[in-house]
Number of protein chains: 4
Amino acid sequence: MAEKRTDRALDRTELIKQTTLELAQELGFTKLSIEAVAARAGVGKHTIYRRWPSKGALFLDALLPADAQALDIPNTGDIEADLRTQTYAAVDLLGRPPFGPLYQALLGEAQHDPSVAAALNERFIGPQAQRVRARLKLAQRQGQVAPELDLDLAFAILSGPLYFQFLIAQEIVTHGYIDRVFSALFAGMRPSP
Amino acid sequence: MAEKRTDRALDRTELIKQTTLELAQELGFTKLSIEAVAARAGVGKHTIYRRWPSKGALFLDALLPADAQALDIPNTGDIEADLRTQTYAAVDLLGRPPFGPLYQALLGEAQHDPSVAAALNERFIGPQAQRVRARLKLAQRQGQVAPELDLDLAFAILSGPLYFQFLIAQEIVTHGYIDRVFSALFAGMRPSP
Amino acid sequence: MAEKRTDRALDRTELIKQTTLELAQELGFTKLSIEAVAARAGVGKHTIYRRWPSKGALFLDALLPADAQALDIPNTGDIEADLRTQTYAAVDLLGRPPFGPLYQALLGEAQHDPSVAAALNERFIGPQAQRVRARLKLAQRQGQVAPELDLDLAFAILSGPLYFQFLIAQEIVTHGYIDRVFSALFAGMRPSP
Amino acid sequence: MAEKRTDRALDRTELIKQTTLELAQELGFTKLSIEAVAARAGVGKHTIYRRWPSKGALFLDALLPADAQALDIPNTGDIEADLRTQTYAAVDLLGRPPFGPLYQALLGEAQHDPSVAAALNERFIGPQAQRVRARLKLAQRQGQVAPELDLDLAFAILSGPLYFQFLIAQEIVTHGYIDRVFSALFAGMRPSP
DNA sequence: GAGTAACCGAGACGGTACGTCCCGTCTTAAA
DNA sequence: TTTAAGACGGGACGTACCGTCTCGGTTACTC
């Protein structure tokens, strides 16, 4: 019986999230409104407000579960190739609708709403960074990566240029771009002695 | 007479921009409204709409002239030190009110409004990237930087981690963070042979 | 030019009042909503709120001008007949849709909202009472009415039973009822000596 | 055992009515809500809806038993004095919080809800009218009242002016006002021959 | 004494309307 | 012509209650 209640609540929650995603794709995040989600989902506005404190929080919840899991890092033994592979996957995700524009909007919202930023980090960015750190640690032990490399920085260094291109330059990120970034990062900026 | 008119127009434009900044600091970009700017500035709404097509455009115009000019790159002959110096300045700017939070909001808005993103790149990001490219080209010729370094990528690589920390991790960027990033970037990730 | 503005404002005001009356007849005062008036009139809600502070005030304004003017008192020289004639007219007005039920609702609202009560008295009840007082004063001078009759009370005494029947007993008020009331009031309750 | 259930049900019913009165005094009838009564009484909304079909019905039930019984008519042998005494009592009741404003609100609600009006008449107005009729009948037999006086009208005539003053003019009804009304009613409007 | 039915509190739910805010457009009168 | 002022239609906000509806957890009555 407790199951039933949970199920009903879950049903509603899922319905709302799905509707949110639909509308976000049709209208974009900016024109998305809780009013419209409620109407399309056939749900009272309060039922949404009961679950999420803001449009941003709802949108994050709706968007993130969808594609968040795909970015595991392979382990072929070649660290540079493995990271490249994973980064290709990330770029493919970001570069294409529906996820790309929606994720961009989410990052935009994170600039206005710290709670969105926090949740984003906890649920999406953090885990990715952790996987990269772990994979690099392994590579470091295998001598494939400079022993003095600061692993806590690695994710920022590797994905920073990508996000820069995505959010600020707002140019399409290609595999070629990733290749060039990786070349530069692995080689270093200093001339070889 | 034409002069006077231009002056009046300029006066009004400046007044509106200044009021915009004031209100943005008090309320944040999200709660900023053209209505409120008009009221506070003692100006008709039309007078604002005649000059800017959107809140984002007005805000960009109001924010950018303010502190944009400070980020020149010194040339002491030591490329790493020079870039570091300039990046410290950038970090100091971003890290402190009022510019930091407002600039963050601007970048957030740029995710929703391509015209804001375009103007931002043209007026703020682009010139900075260009200066970094020029300074690195010089350094490359002086043999301080790897000859194969892709200069078009350099700004993204150098500032990407910073923006990642600022926009996504949303942690305060310290000089120490910059130091660690620069160490890693100049040394490269590959173990020295 | 001032004319134009006034005309436009008047147009809107009249349109809203007329729509209010329409909806009130269809739905009754209780189910009447400012939202629905705005929608049907093709007008923003604010345009209504700018003019009236409450549903009651709007309704009063919409209802009262409509039929308020009809209740003049004839002067045939026979005070009892004249008052009777005028009271018949009042009863006919109250007894029939659309005015009757709407006026009843207005009186109901006046119990909850003192400003409605005040406006009602000033614009509808007061003038009627004044006319009755004036007519009675004339009759008093002509010796048709007891010289000691308190004229300030007359309207309450004459129309009180009518309103009692209308608002409290909530039975249909007939001409016969008026006749019986008038007989009693003119004769007095005391036995003739 | 059946007693116990009845007692509990009664307890709840009384608790709800009392809470309703409390809240009505604090907020006024208009702002009174079943939701708030349920919350304050620590009772499920259903428990209220099970007992009363509407806010008006609940309010009537809560208000009327409280003070309804006090308006008996004395019998000193002087009909005018006796009615006056009873009317004074009525006026005192109406004129003072908490009963006055609440009763006014009830009458207001009766204009919107015929079932409230019906219950009001059956339980409050009707009995009063009946007592007045009976007392007058007695007086009529004793020759204190005109034999042709229509007793069915008497309550409307006697209390109509009072209700007019209370509901429509919305002025405080004083004993003096009652005196003047009674003088006029007993003497009649016609000049004595 | 264990069922069982009724009632209860709690509050979720779809829905309607509230009164407010701001959008971007439009009109007016003054300078 | 430009401006300040602000009315306007429109849309969404977040809130309050409506009346209905589960949901578990007592009672109190029946077998």
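This one's a predicted model, so the numbers in the text were calculated from it and none came from an experiment. Letters A, B, ... are given to chains in the order of the sequence lines, protein chains preceding strands, and every chain is numbered from 1.
Dashed line: the shortest gap from a side-chain N or O of A:R51 to OP1 or OP2 of E:dC13 is under 4.0 Å. In this model, the phosphate group of F:dT3 is approached by a side-chain N or O of B:R50 to a distance below 4.0 Å at OP1 or OP2. The phosphate of E:dG9 (OP1 or OP2) has a side-chain N or O of D:R12 nearer than 4.0 angstrom.
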- Base-contact (B) and sugar-phosphate-only (S) positions in nucleotides 12-18 of chain F, heavy-atom cut-off under 4.0 Å, - elsewhere: BBBB-BB
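The minimum heavy-atom distance between B:L167 and A:L167, with the atom names listed, is CD1-CD1, 4.3 Å. Minimum interatomic distance between B:S54 and B:D113 (heavy atoms only, all atoms of both residues): OG-OD2, 3.7 Å. Minimum heavy-atom separation, A:L120 to A:L64: CD1-CD1, 4.2 Å.
Under a 3.5 Å cut-off, the side chain of C:Q170 and the backbone N or O of D:A110 do form a donor-acceptor pair. At least one donor-acceptor pair closer than 3.5 Å links the side chain of A:K55 to the backbone N or O of A:T30.
Mapping B:T47 and C:A38 onto DNA chain F by nearest heavy atom places B:T47 at the nucleotide closer to the 5' end.
Remark: the A:T13 side chain and the A:R51 side chain contain an N/O donor-acceptor pair separated by less than 3.5 Å.
Atoms CG (A:D11) and P (E:dC13) sit 11 Å apart, rounded to a whole Å. Between B:I48 atom CD1 and E:dC22 atom P there is a gap of 13 Å when expressed in whole angstrom units. Rounded to whole Å, the distance from CH2 on B:W52 to P on E:dG24 is 15 Å.
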